[in-house]
Amino acid sequence: MVDIAPLIEGSHDHDWLAAQAELVSSKLTSATEPRYTIVNLIESLGPALTHTTTSVRQSGLTIVTLVLDNAGTRLHKEDAGLLTLFYTDRLRDHHSLLPATIQGLAALARCENLSFEHLEILLNSVFSEVMVQQQIVRDRSTVFTMLARLLRDRLEDIKSLATQFTVGFLQAFEGEKDPRNLMLIFSTVASMLDILPLSHLKEDVFESLAVYFPVDFTPPSGLVGSVTKLQLIEGLRQGLSHPSLAEWTIGLLLEKLESDLESAKIDSLQTLLELVKRCGEREGEGMEIWAREVEGVWAALKKETMGIRLQSSKEVIELAGQAVREVSRMLGTKVGLGTPDQDLAWSRWIDRLWDDCRMNLGQPSTRLMVLSGGVLGQVARSGQRQGVEVLSLAIPTLYKTWEEHTGPEARRAVMEVTGNLLQGGGVSGVRLEQEWMDKMFAVFLTVIASGGADGVLAGVTMARAAGVVGDKQQAELALGL
């Protein structure tokens with residue numbers, strides 16, 4: 001079928017090889033008898049495939065690979081098995097044959113009739129014989145694409161080979177720097193975390209991803225259609241924010257929050273928000289990890305929200321505030337009866353947070369009072385239970401501050417912070433009819449009745465927070481306004 005002479009003599013180019021492969025492909029799909037198979041092709045190419053000259057063997061293998069890679073080529077189970085052994089044996093040949101060998105193995109991996117046994121042989125050979133990171137970008141991409149497709153198309157088989165597949169994949173992409181390959185790797189790892197039994201390998205998976213965080217990449221200027229830094233950030237985030245990696249990811253994010261680079265802080269906070277969101281969807285699962293880590297999480301967020309770090313940007317401060325709210329939402333929102341670990345995590349979180357904010361509420365007209373009120377307001381906005389608890393702590397403290405400080409600026413500051421807290425409670429659907437709320441409500445009514453700028457401030461504040469107070473107080477407020 002193939003003219004061997006030009007192969008042996010070396011009097012050909014790639015176009016000639018492609019043309020020969022096209023002829024063979026058409027023969028394979030024809031209905032002639034006896035049936036011509038790709039195994040017949042390999043037999044006819046024997047002199048070239050076993051030739052002592054490397055370039056001759058490379059050309060012969062290229063024809064087989066081009067035929068195998070043809071979309072119209074169909075293989076029977078027996079042929080797929082024989083080709084698997086043929087190609088895995090080529091992995092031990094000269095390195096110049098490796099690109100064609102990798103391409104051929106990738107084509108075999110797409111074959112529906114490739115048995116589980118031969119799939120296992122294929123993977124074992126690729127992982128043990130191919131030093132992926134020593135290959136050019138295109139060949140590395142072929143390997144990663146092959147593995148991603150196997151995870152998608154042969155999932156049940158890959159589940160049976162989960163450990164082998166995962167360890168091999170992690171080793172294959174160790175040190176990868178090409179952005180397109182990284183996008184494929186990140187999405188594949190995220191899928192692996194979702195669908196493969198990897199409990200004993202989670203830390204290894206995390207370590208493989210962590211080396212890329214935070215993403216430091218600038219696409220080449222003028223290159224159309226290149227991968228962007230944002231795409232890489234979001235791709236990596238899908239893996240690092242997986243709830244099963246929370247045990248290690250939290251520590252990584254807290255470490256990077258100490259960075260002097262604003263971009264690293266922003267990436268860390270956005271990843272923390274995604275992690276919290278996904279952990280919250282697990283309905284109490286993994287709360288023992290958060291119970292251990294919440295104190296460190298608050299310590300890190302405190303530096304950004306309470307003015308301890310003087311050079312925090314507006315975006316970092318806003319993201320840190322959102323993180324306070326979303327962590328409070330996750331820890332304080334019970335689904336069903338909740339769990340002891342969740343109760344412990346919430347208790348530790350609110351206790352540490354309140355300890356750091358309480359004293360500041362007694363220092364009106366200071367920046368710390370405003371910042372503490374903002375933090376507590378984020379907690380109040382996170383849920384009804386959270387709102388009731390934080391308001392029951394903060395409002396009596398603010399009332400005490402009101403009584404102890406009679407200056408107009410101090411009392412105006414108390415009203416502003418109280419108003420922010422009550423509005424936060426209103427967002428969460430909190431309804432307060434306790435005695436301590438009656439006292440603070442009376443303060444606002446008195447200021448409203450006094451008129452002036454403070455009366456207007458008090459009136460506007462209570463109007464915005466009207467949903468928090470009881471029916472009786474709402475009626476009194478309506479008369480007062």
Asker: Between T418 and M415, is there a donor-acceptor pair closer than 3.5 Å when you use the side chain of the first and the backbone of the second?
Answerer: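 Between the backbone of M415 and the side chain of T418 there is no qualifying donor-acceptor contact (under 3.5 Å).
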
Asker: Is there a side-chain contact between K202 and V205 in this structure, where contact means two heavy atoms from C-beta onward sitting under 4.5 Å apart?
Answerer: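 No, every pair of side-chain atoms sits at 4.5 Å or beyond.
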
Asker: Using a 4.5 Å cut-off on heavy atoms from C-beta on, say whether the side chain of V375 contacts that of W298.
Answerer: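 With C-beta onward as the side chain, the pair touches.
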
Asker: If I compare all heavy atoms of P214 with all of D267, which pair ends up nearest, and what's the gap?
Answerer: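 Heavy-atom minimum between the residues: CB-OD2, 3.8 Å.
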
Asker: Enter the distance from L252:CG to L272:CG here, rounded to the nearest 0.5 Å.
Answerer: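 One finds 11.0 Å between CG of L252 and CG of L272.
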
Asker: With sequence neighbours left out, what residues match F186 under ring pair (Phe, Tyr, Trp, His ring centres under 6.0 Å)?
Answerer: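 Applying ring pair (Phe, Tyr, Trp, His ring centres under 6.0 Å) to F186 gives Y212.
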
Asker: So with a 6.0 Å cut-off around CZ of R358, is the heavy-atom count from everything else above 12?
Answerer: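 Yes - once you tally the heavy atoms of other residues, nucleotides and ligands closer than 6.0 Å, there are more than 12.
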
Asker: Give every donor-acceptor pair under 3.5 Å between a side-chain atom in residues 254-261 and any protein atom, sequence neighbours left out.
Answerer:
unit_1, atom_1, unit_2, atom_2, d
E258, OE2, K303, NZ, 2.9
S259, OG, L261, N, 3.0

Asker: Go through it in stages, so that I can follow the logic: the residues are H118 and L83, the test is side chain to side chain contact (heavy atoms under 4.5 Å, CB included), and I'd like the CA-CA distance, side-chain angles, deciding distance and then a yes or no.
Answerer: CA-CA 10 Å; H118 286 108; L83 282 167; over 6 Å; no

Asker: Would you please name every residue forming a salt bridge (charged side-chain N to carboxylate O under 4.0 Å, His left out) with D216, sequence neighbours left out?
Answerer: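 Not a single residue meets the salt bridge (charged side-chain N to carboxylate O under 4.0 Å, His left out) criterion with D216.
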
Asker: For D343, check salt bridge (charged side-chain N to carboxylate O under 4.0 Å, His left out) against everything at least two apart and list the hits.
Answerer: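 Only K334 meet the salt bridge (charged side-chain N to carboxylate O under 4.0 Å, His left out) criterion with D343.
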
Asker: Kindly say whether V447 contributes a backbone atom to a donor-acceptor pair with the side chain of R411 at under 3.5 angstrom?
Answerer: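 Such a contact is absent between R411 side chain and V447 backbone.
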
Asker: Name each donor-acceptor pair under 3.5 Å that joins a side chain in residues 379-386 to protein atoms two or more places apart or in another chain, with its distance.
Answerer:
unit_1, atom_1, unit_2, atom_2, d
R381, NH1, G377, O, 3.4
S382, OG, V379, O, 2.6
Q384, NE2, G429, O, 2.8
R385, NH1, G332, O, 3.0
Q386, NE2, S328, O, 3.0
Q386, NE2, T333, OG1, 3.1

Asker: Taking only residues two or more places apart in sequence, or in another chain, which ones meet Y399 in a ring pair (Phe, Tyr, Trp, His ring centres under 6.0 Å)?
Answerer: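 With neighbours one apart ignored, the set is empty.
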
Asker: Assess the residue pair D341 and W290 against the criterion (side-chain hydrogen bond (donor to acceptor under 3.5 Å, both in side chains)); give the C-alpha distance rounded to whole Å, side-chain angles, the decisive distance to 0.1 Å, and a yes or no.
Answerer: CA-CA 8 Å; D341 286 326; W290 286 98; over 6 Å; no

Asker: What heavy-atom pair brings Q58 and S96 nearest, and what distance separates the two atoms?
Answerer: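 Closest approach of Q58 to S96: NE2-O, 3.4 Å.
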
Asker: Going by side chain to side chain donor-acceptor pair (under 3.5 Å), name the residues that satisfy it together with Q378, two or more places apart in sequence or in a different chain.
Answerer: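 For Q378 the side chain to side chain donor-acceptor pair (under 3.5 Å) partners, ignoring immediate neighbours, are R325.
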
Asker: The test is side-chain hydrogen bond (donor to acceptor under 3.5 Å, both in side chains); show your working for Q133 and E176 and say whether it passes.
Answerer: CA-CA 7 Å; Q133 285 305 309; E176 181 61 53; 3.0 Å; yes

Asker: Evaluate the side chain to side chain contact (heavy atoms under 4.5 Å, CB included) criterion for residues M330 and K277: first the C-alpha distance (whole Å), next the side-chain angles of each, then the deciding distance (0.1 Å), finally the verdict.
Answerer: CA-CA 7 Å; M330 174 187 66; K277 174 187 173 185; over 6 Å; no

Asker: Residues in side chain to side chain donor-acceptor pair (under 3.5 Å) with E315, at least two apart?
Answerer: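 Testing E315 for side chain to side chain donor-acceptor pair (under 3.5 Å), a comparison that skips the adjacent residues, returns none.
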
Asker: Ignoring hydrogens and geometry, is there a side-chain-to-backbone donor-acceptor pair from S187 to L184 under 3.5 Å?
Answerer: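 Checked: pair present.
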
Asker: For residues G373 and N420, report the shortest heavy-atom separation together with the two atoms involved.
Answerer: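 Scanning both residues, the minimum pair turns out to be O-ND2, 3.2 Å.
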
Asker: Within the structure provided, determine whether R292 and E247 are in side-chain contact (heavy-atom separation under 4.5 Å).
Answerer: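 SC-SC contact between R292 and E247 confirmed.
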
Asker: With sequence neighbours excluded, what pairs up with R329 under the salt bridge (charged side-chain N to carboxylate O under 4.0 Å, His left out) test?
Answerer: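 Per chain and number, R329 pairs via salt bridge (charged side-chain N to carboxylate O under 4.0 Å, His left out) with E326.
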
Asker: Where is the tightest heavy-atom contact between W349 and V297, given as atom of each residue plus distance?
Answerer: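 Taking W349 first and V297 second, the nearest heavy atoms are CZ3-CG1, 4.1 Å.
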
Asker: Could you tell me whether a side-chain N or O of Q103 sits under 3.5 Å from a main-chain N or O of L105, the two making a donor and an acceptor?
Answerer: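 Not a single qualifying donor-acceptor pair exists.
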
Asker: Please say whether more than 12 non-hydrogen atoms of neighbouring residues, nucleotides or ligands are located less than 6.0 Å from CD in E174.
Answerer: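 No.
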
Asker: First locate atom CG of D93, then atom OG1 of T101, and finally report the distance between them rounded to the nearest 0.5 Å.
Answerer: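 Here the interatomic distance stands at 7.5 Å.
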
Asker: Please determine which of L376, L361, V414 meets the side-chain contact (heavy atoms from CB on, under 4.5 Å) test together with T397.
Answerer: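 For T397, the side-chain contact (heavy atoms from CB on, under 4.5 Å) test succeeds with only one of L376, L361, V414, which is L361.
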
Asker: Return yes if some donor-acceptor pair links the side-chain N/O of H405 with the main-chain N/O of T401 below 3.5 Å, else return no.
Answerer: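 Yes: the side chain of H405 pairs with the backbone of T401.
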
Asker: Can you confirm whether E281 is buried at CD, in the sense that more than 12 heavy atoms of other residues, nucleotides or ligands lie under 6.0 Å from that atom?
Answerer: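 Atom CD in E281 is packed in, count exceeds 12.
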
Asker: If the condition is ring pair (Phe, Tyr, Trp, His ring centres under 6.0 Å), which residues does Y87 pass it with, not counting sequence neighbours?
Answerer: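 Not a single residue meets the ring pair (Phe, Tyr, Trp, His ring centres under 6.0 Å) criterion with Y87.
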
Asker: Within the distance-only criterion (no hydrogens, no angle test), does the side chain of S141 pair as donor or acceptor with the backbone N or O of V137 below 3.5 angstrom?
Answerer: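 Side chain of S141 to backbone of V137, a donor-acceptor pair under 3.5 Å: no, none is there.
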
Asker: For the pair S372 (side chain) and N360 (backbone), establish whether a donor and an acceptor sit closer than 3.5 Å, ignoring hydrogens and angles.
Answerer: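 No; zero donor-acceptor contacts below 3.5 Å.
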
Asker: Please find the pair of heavy atoms, one from R348 and one from A291, that lie closest to each other, and give the distance.
Answerer: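 Smallest heavy-atom distance, with atoms named: NH1-O, 2.7 Å.
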
Asker: For E117, check salt bridge (charged side-chain N to carboxylate O under 4.0 Å, His left out) against everything at least two apart and list the hits.
Answerer: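 So E117 forms no salt bridge (charged side-chain N to carboxylate O under 4.0 Å, His left out) with any residue.
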
Asker: Give a yes or no on whether the backbone of A300 and the side-chain of E304 come within a donor-acceptor separation of less than 3.5 Å.
Answerer: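 Pair absent, no side-chain N/O of E304 close to backbone of A300.
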
Asker: Looking at side-chain heavy atoms only, is the closest gap between L371 and T305 below 4.5 Å?
Answerer: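 No, too far: nothing below the 4.5 Å cut-off.
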
Asker: Please tell me whether H242 and T249 have a donor and an acceptor in their side chains that are separated by less than 3.5 angstrom.
Answerer: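 There is no such pair between these side chains.
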
Asker: Would you check if F213 and S268 make a side-chain contact, meaning some heavy-atom pair closer than 4.5 Å?
Answerer: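 The answer is yes; the side chains approach within 4.5 Å.
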
Asker: Below 4.5 Å, heavy atoms only, C-beta onward: do S125 and I121 meet side chain to side chain?
Answerer: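 Yes, close enough: below the 4.5 Å cut-off.
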
Asker: Would E389 and W346 count as a side chain to side chain contact (heavy atoms under 4.5 Å, CB included) here? Give the steps.
Answerer: CA-CA 11 Å; E389 187 159 345; W346 166 249; 3.1 Å; yes

Asker: With a 4.5 Å heavy-atom cut-off, do R282 and R278 have their side chains touching?
Answerer: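 No, too far: nothing below the 4.5 Å cut-off.
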
Asker: Hey, is the main chain of E295 close enough, under 3.5 Å, to the side chain of R352 for a donor-acceptor pair?
Answerer: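 Not a single qualifying donor-acceptor pair exists.
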
Asker: Check the pair T62 / H14 against side-chain hydrogen bond (donor to acceptor under 3.5 Å, both in side chains), numbers first and verdict last.
Answerer: CA-CA 9 Å; T62 297; H14 186 77; 6.0 Å; no

Asker: Less than 4.0 Å between a side-chain N and a carboxylate O, is that true for E274 and R237?
Answerer: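 Salt bridge absent between R237 and E274.
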
Asker: Under the rule for ring pair (Phe, Tyr, Trp, His ring centres under 6.0 Å), what residues qualify as partners of F173, not counting sequence neighbours?
Answerer: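 Expected list: F169.
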
Asker: What heavy-atom pair brings A162 and T166 nearest, and what distance separates the two atoms?
Answerer: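 In this case the closest contact between A162 and T166 is O-OG1, 2.7 Å.
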
Asker: Determine whether L147 and L123 make a side-chain contact, defined as any pair of heavy atoms from C-beta on separated by less than 4.5 Å.
Answerer: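 Result yes, sub-4.5 Å side-chain heavy-atom pair found.
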
Asker: Kindly say whether Q363 contributes a backbone atom to a donor-acceptor pair with the side chain of T366 at under 3.5 angstrom?
Answerer: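 Yes: the side chain of T366 pairs with the backbone of Q363.
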
Asker: Are more than 12 heavy atoms, taken from residues, nucleotides or ligands other than K400, located less than 6.0 Å from that residue's NZ atom?
Answerer: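 No, the 6.0 Å shell around NZ holds no more than 12 heavy atoms from other groups.
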
